[in-house]
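Here is the structure we will look at.
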Protein chains: 2
Amino acid sequence: MEELWWNHRLHDAGFRLTHPREIIINILRNTDKHLSAEDIYIKALKINPSIGLTTVYRTLDLFNQIGVVQKFDFGDKRSRYELIKNPQKQEHHHHLVCIQCKTIIDYNNFMKEELELMNKTEKALSKIHHFMIMHHVINFYGLCKNCQTSA
Amino acid sequence: MEELWWNHRLHDAGFRLTHPREIIINILRNTDKHLSAEDIYIKALKINPSIGLTTVYRTLDLFNQIGVVQKFDFGDKRSRYELIKNPQKQEHHHHLVCIQCKTIIDYNNFMKEELELMNKTEKALSKIHHFMIMHHVINFYGLCKNCQTSA
DNA sequence: TTAATTGCAAACGGTTTGCATGGGC
DNA sequence: GCCCATGCAAACCGTTTGCAATTAA
């Protein structure tokens, strides 16, 4: 059951595997999109109409805290959530955000070059500004294929 | 009066130079911080106690639209605003965000290298994903000098 | 003069919290 | 049976909007 590492993570952290949590995990497993809490809520309702939006928020927050889910902020107000595929290898990637339809595409090209620049930058900035960098965010904003043609 | 280009910009765009607008411009001129709407509102109250928070929001939005102010989002909920120093030369810079005290430091080291990587990336991504990139955001998150020692 | 701008109060939208009920272990 | 987890309603917080009063040009 290598696939179900999140269940073990939940258990190891002392939390129960409840029905809403299963539903939400499965929704996240079966999408390549970056869903908002409400997106997830709407999908969850179709599986169990008695689920509450509050539970979705609390579950996502829990998953984020125990490292099962990553929370993103792309500048529209809603937070968006992505299931971490493999907890071992920190698969570092970035996002293309369509400013029109809000679609988000993952990409991981030029990671070597990026890593080089980031290391260099981080080293310099910690010297110049005595700033200890923990992580960085790179986002590209523009128009996706569809929204270019429709515009 | 080279310094007061924002007034001309306002006028050229067909807007009035009102008292609240002057106050807000001056607050932004006299800080190196990235103030939120409320930060600005509190400072403005000391100059004119009858100013309204709504006006601050509307003014900042207007300034953003006519290119006098840049609006940023650093992941805490509030938007933050920075006066554009020189409208001619697009001074491109990025931010170090302290995750503890929320201080934001501007930096512009390694801009040549960054620009290279960004151009390369943008070109490749537009090919691979047919994505037309309009702008990008790079933020570093970590601990500033003070918060390292106090932690 | 008179249309743009303001301040107030109320609405808004995403998220969080208090609390009584319900469900895993 | 014990507590964690849930759902509901209400609070929260930054921001926006409707509207009547005010003000810059």
Side-chain angles (χ1 to χ4, degrees), chain A residues 6-25 27 34-66 68-81 102 104, chain B residues 4 6-25 27 34-66 68-81 102:
Chain A
W6 37 75
N7 291 351
H8 297 113
R9 175 73 58 103
L10 204 60
H11 181 261
D12 294 349
F15 297 102
R16 295 178 182 167
L17 176 58
T18 60
H19 197 217
R21 286 172 186 172
E22 280 189 283
I23 292 174
I24 291 170
I25 278 277
I27 289 170
H34 297 67
L35 303 176
S36 67
E38 203 190 348
D39 294 336
I40 293 165
Y41 173 56
I42 289 168
K43 284 176 187 288
L45 278 183
K46 291 176 185 160
I47 297 159
N48 179 348
S50 76
I51 208 167
L53 180 55
T54 306
T55 301
V56 174
Y57 275 107
R58 277 193 282 231
T59 303
L60 291 170
D61 184 48
L62 173 63
F63 285 168
N64 184 45
Q65 302 219 44
I66 64 175
V68 168
V69 149
Q70 224 174 328
K71 186 176 182 179
F72 291 99
D73 173 18
F74 295 116
D76 60 342
K77 300 291 161 184
R78 36 203 356 114
S79 292
R80 293 174 179 280
Y81 302 85
K102 310 294 178 192
I104 294 145
Chain B
L4 303 177
W6 37 76
N7 290 351
H8 298 112
R9 174 74 56 104
L10 203 60
H11 181 261
D12 294 350
F15 296 104
R16 297 178 182 169
L17 176 58
T18 59
H19 196 215
R21 286 174 185 169
E22 280 189 284
I23 291 174
I24 291 170
I25 279 277
I27 289 169
H34 297 67
L35 302 177
S36 67
E38 204 190 348
D39 293 337
I40 294 165
Y41 173 56
I42 289 168
K43 283 176 187 289
L45 278 183
K46 292 177 186 161
I47 297 160
N48 179 347
S50 76
I51 208 168
L53 181 55
T54 307
T55 300
V56 174
Y57 275 107
R58 277 194 284 230
T59 302
L60 291 169
D61 185 47
L62 173 63
F63 285 168
N64 184 46
Q65 302 221 41
I66 65 175
V68 167
V69 150
Q70 225 176 325
K71 186 177 180 177
F72 291 99
D73 174 18
F74 296 116
D76 59 344
K77 299 291 160 185
R78 39 206 350 118
S79 293
R80 293 175 180 278
Y81 302 85
K102 309 296 181 192

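This is a predicted model, so every value here is computed, not measured. Below, chain A is the first sequence line, B the second, and so on; all start at residue 1.
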- Can you name the closest pair of heavy atoms from A:I23 and A:N48 and give their distance? CD1-CB, 3.7 Å
- Round to a whole Å and report the spacing from CG of B:D61 to P of C:dT6. 12 Å
- Item | Minimum-distance nucleotide to B:R16 side chain [options: C:dG23, C:dA3, D:dG7] | C:dA3
- Query: Considering heavy-atom distances to DNA chain C, does B:T54 or B:K77 have its closest nucleotide positioned more toward the 5' end?
  - Reply: B:T54
- Item | Heavy-atom closest contact (A:N64 atom, A:K71 atom, distance) | OD1-N, 3.6 Å
- Assert: residue with more 5' nearest nucleotide on DNA chain D, out of B:R58 and B:R78, is B:R78
- Item | Gap between atoms CG and C1', on A:N7 and C:dG24 respectively (whole Å) | 15 Å
- Pairwise 5' ranking along DNA chain D for A:H19 and B:Y81, keeping only the more 5' one: A:H19
- Item | Between C:dT6 (P) and B:E22 (CD): distance, integer Å | 11 Å
- Message: Please determine whether a side-chain nitrogen of the Lys or Arg among B:D76 and B:R80 lies less than 4.0 Å from a carboxylate oxygen of the Asp or Glu.
- Response: yes
- Query: Could you state the OH-C1' distance from A:Y57 to D:dA11, rounded to the nearest angstrom?
  - Reply: 15 Å
- Note on the structure: Picking from D:dA25, D:dG7, D:dG14, the nucleotide nearest the side-chain atoms of B:L17 would be D:dA25
- Quick one: label A:S79 by what it contacts on the DNA or RNA (base, sugar-phosphate, nothing), any heavy atom closer than 4.0 Å. sugar-phosphate
- Query: Does B:T18 make a side-chain N or O approach to OP1 or OP2 of C:dA4 shorter than 4.0 Å?
  - Reply: no
- A:R21 vs D:dT6: side-chain N/O to OP1/OP2 distance below 4.0 Å: yes
- Query: How about A:L10 and A:W6: do any of their side-chain heavy atoms sit closer than 4.5 Å?
  - Reply: no
- Message: Rounding to an integer number of Å, can you tell me how far B:I51 CD1 sits from C:dG7 C1'?
- Response: 10 Å
- Specify the separation, in whole Å, of atom CZ of A:F15 and atom C1' of D:dA5. 11 Å
